[in-house]
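Read through the structure below, which is laid out as structure tokens, and then see the notes.
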Amino acid sequence: MKNSTIIRVVLLGVVAIVSVIALQTYWVIETWDVKEQEFNEKVNIALRKVADEFGKISTLPRYDIIDRVSHNYYVVNVNQAINKDNLEYFLRKELEEVGLHECFQYGIHNCSSGKMVSGDIVCPAITKILVAEEISSEELPTTDKYIYYFGVRFPNHGGKILSSMFPTLVLSGILALTLLFFSYSIFVILRQKRLSEMQKDFINNMTHEFKTPISTIKISADVFLNDNNITQNERLNRYAQIIKDQNQRLNTQVEKVLQLAKIERDQFRLKLEEIPMHELLENTLKGTKLKIESQNGTLETALSAKKSHVRADRLHLTNVLHNLIDNAIKYCKDKPHVKIKTFNARNRLVLQIEDQGIGIAKIHQEKVLQKFFRVPTGDVHDVKGFGLGLFYVNNICKGHFWKLKIDSEVGEGTRISIAMPLA
């Protein structure tokens, strides 16, 4: 994954997490405020009715002012002496009528002592058994605003709101877990990216270090092959040739790794030019034909495209041709039988390289384009390689905006088609 992609994922992830947390916080606070407002309105209605009841009993002037001292404590001015039994009866009745089934503690202001004479915790029948024993009474605070007043405290008010918000809190918890999982995923991605970069740097440095000994071995092999004493000795000449061939094979693999490293780092640049495909194919197939014939195989060409000029990078296009033809030769059954076609279709040049080899199973046809993937063959490794050829071909096709297609059947062979826009 590219660094720019990682940065975009992280930034978008951070923005998404912050946005979701902000939205969820706003949602919870807004829900709490709505519940608080609804509770306050119901309490005000009930306490106002309680004050009205005392106004009916007494003939003294009454000023029913309700003051919310805290989120769960109210005081009510009735401007007259208050009977304890009447107050409890009216409070229980009016609170139940407005739908507030919460436990409450009431207190009456004693003018002589200046303190609140607190009553017991009163719970409606629907909640009395469940919570009455868990709530303790406490001394209610006084106020300097009024003389004759009573206070009402709802000790379980916060818990009541939280219980009513249970579905919201559950969803918030699930969302929090999701965000934690997403954050952990980002952390894992970044860690894997760092390890992947370390691995790539190691491989690239290692392949660069290989270049010097490979060059030295090539020079030494050429010296052996040009020495008369070696050429006259059939056994030594054969060994020298093997050294040169295997050294060349190793050099090809190292060059391929270095080219792929450039592709993955976006450091390679295509030098596009107009190339006559048929001419390039003929030059490429000169050496290939000898190789196929040495294995008693056949090479057939059908270059029927009337327009064969394309815009491409000559070096990379040549490498693509060598990779595909080498695969057709390597993955044959007994003898390589390779057929190369060109034709025009919809203002494009279509190049097809077809073999009669072992073929590729359907489930592996997309995976063979991945880096280092090789079709599983159990413990048999008749064909050597790193699984980089088709990965390289696929990346070069993407860089040129060519369309690559693989058609294959196990045991029947493989046909690879590349559609290129005409120059």
Side-chain angles (χ1 to χ4, degrees), residues 29-166 168-169:
I29 293 175
E30 189 68 17
T31 304
W32 181 280
D33 289 342
V34 169
K35 296 289 184 180
E36 277 283 347
Q37 184 178 355
E38 180 183 358
F39 170 78
N40 185 53
E41 290 176 354
K42 288 183 177 181
V43 170
N44 272 274
I45 292 172
L47 295 182
R48 190 172 297 277
K49 288 184 177 180
V50 171
D52 289 340
E53 293 293 340
F54 278 101
K56 293 176 184 179
I57 295 174
S58 175
T59 57
L60 296 175
R62 177 184 57 83
Y63 304 95
D64 52 328
I65 300 176
I66 302 173
D67 185 22
R68 188 178 189 181
V69 179
S70 66
H71 76 284
N72 68 340
Y73 179 56
Y74 296 79
V75 294
V76 183
N77 177 30
V78 293
N79 203 24
Q80 60 177 297
I82 303 171
N83 181 275
K84 175 180 178 297
D85 294 333
N86 289 340
L87 178 59
E88 180 175 335
Y89 170 76
F90 290 144
L91 285 173
R92 187 191 295 271
K93 173 189 172 186
E94 298 302 337
L95 288 173
E96 288 185 358
E97 281 190 2
V98 296
L100 279 179
H101 303 289
E102 291 193 28
C103 299
F104 64 90
Q105 177 188 2
Y106 67 92
I108 301 172
H109 179 243
N110 188 322
C111 298
S112 301
S113 63
K115 296 182 178 180
M116 297 292 288
V117 179
S118 302
D120 297 329
I121 301 294
V122 180
C123 290
I126 190 172
T127 58
K128 186 173 182 180
I129 300 176
L130 297 176
V131 299
E133 297 180 355
E134 301 176 3
I135 302 174
S136 60
S137 60
E138 61 183 47
E139 184 176 347
L140 300 180
T142 59
T143 181
D144 296 333
K145 288 185 177 181
Y146 317 121
I147 299 175
Y148 297 101
Y149 63 90
F150 66 88
V152 182
R153 182 177 74 96
F154 299 90
N156 199 35
H157 170 57
K160 195 74 173 179
I161 291 183
L162 288 177
S163 63
S164 65
M165 292 174 59
F166 181 74
T168 303
L169 296 176

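Heavy atoms only: backbone and side chains are in, while hydrogens, waters and symmetry mates are out.
E36 CD to N72 CG: the interatomic distance, rounded to the nearest 0.5 Å, is 9.0 Å. Distance CZ/F150 to NZ/K84: 14.0 Å, rounded to 0.5 Å. If you take CZ on R153 and NE2 on H71, they are separated by 9.5 Å, rounding to the nearest 0.5 Å. A distance of 10.5 Å separates OG in S70 from CZ in F154, rounded to the nearest 0.5 Å. In this structure, SG on C103 lies 7.5 Å from CD1 on I121, to the nearest 0.5 angstrom. Taking OH from Y149 and CE from M116, the interatomic distance works out to 5.5 Å, rounded to the nearest 0.5 Å.
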Exercise for review: List the steps and the verdict of side chain to side chain donor-acceptor pair (under 3.5 Å) for N44 and Y74.
Suggested key: CA-CA 9 Å; N44 272 274; Y74 296 79; 4.8 Å; no

Practice item. Evaluate the side-chain contact (heavy atoms from CB on, under 4.5 Å) criterion for residues V122 and L91: first the C-alpha distance (whole Å), next the side-chain angles of each, then the deciding distance (0.1 Å), finally the verdict. Key: CA-CA 10 Å; V122 180; L91 285 173; over 6 Å; no

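Proximity of a side-chain donor or acceptor of Q105 to a complementary backbone N or O of E138 within less than 3.5 Å is detected. Side chain of N83 to backbone of D85: a donor-acceptor contact under 3.5 angstrom is found. Using a distance-only test at 3.5 Å, with no hydrogens or angles considered, no donor-acceptor pair links the side chain of Y146 to the main chain of V75.
When side chains are defined from C-beta on, R48 counts as touching I66, because their heavy atoms get closer than 4.5 Å. V76 places none of its side-chain heavy atoms less than 4.5 Å from the side chain of V152.
In terms of heavy atoms, E94 sits closest to V50 at CG-CG2, 3.7 Å. For the residue pair G114 and T142, the shortest heavy atom distance occurs at O-CG2, 3.6 Å. Shown here for L140 and G151, the closest heavy-atom pair between the two residues is CD1-O, 4.0 Å. Nearest heavy atoms, Y148 versus C111: CE2-SG, 3.8 Å.
Taking the six-membered ring where the residue is Trp, the centroids of F39 and H157 are separated by under 6.0 Å.
For K49 and E53, the salt-bridge test fails: no basic side-chain N is under 4.0 Å from an acidic carboxylate O.
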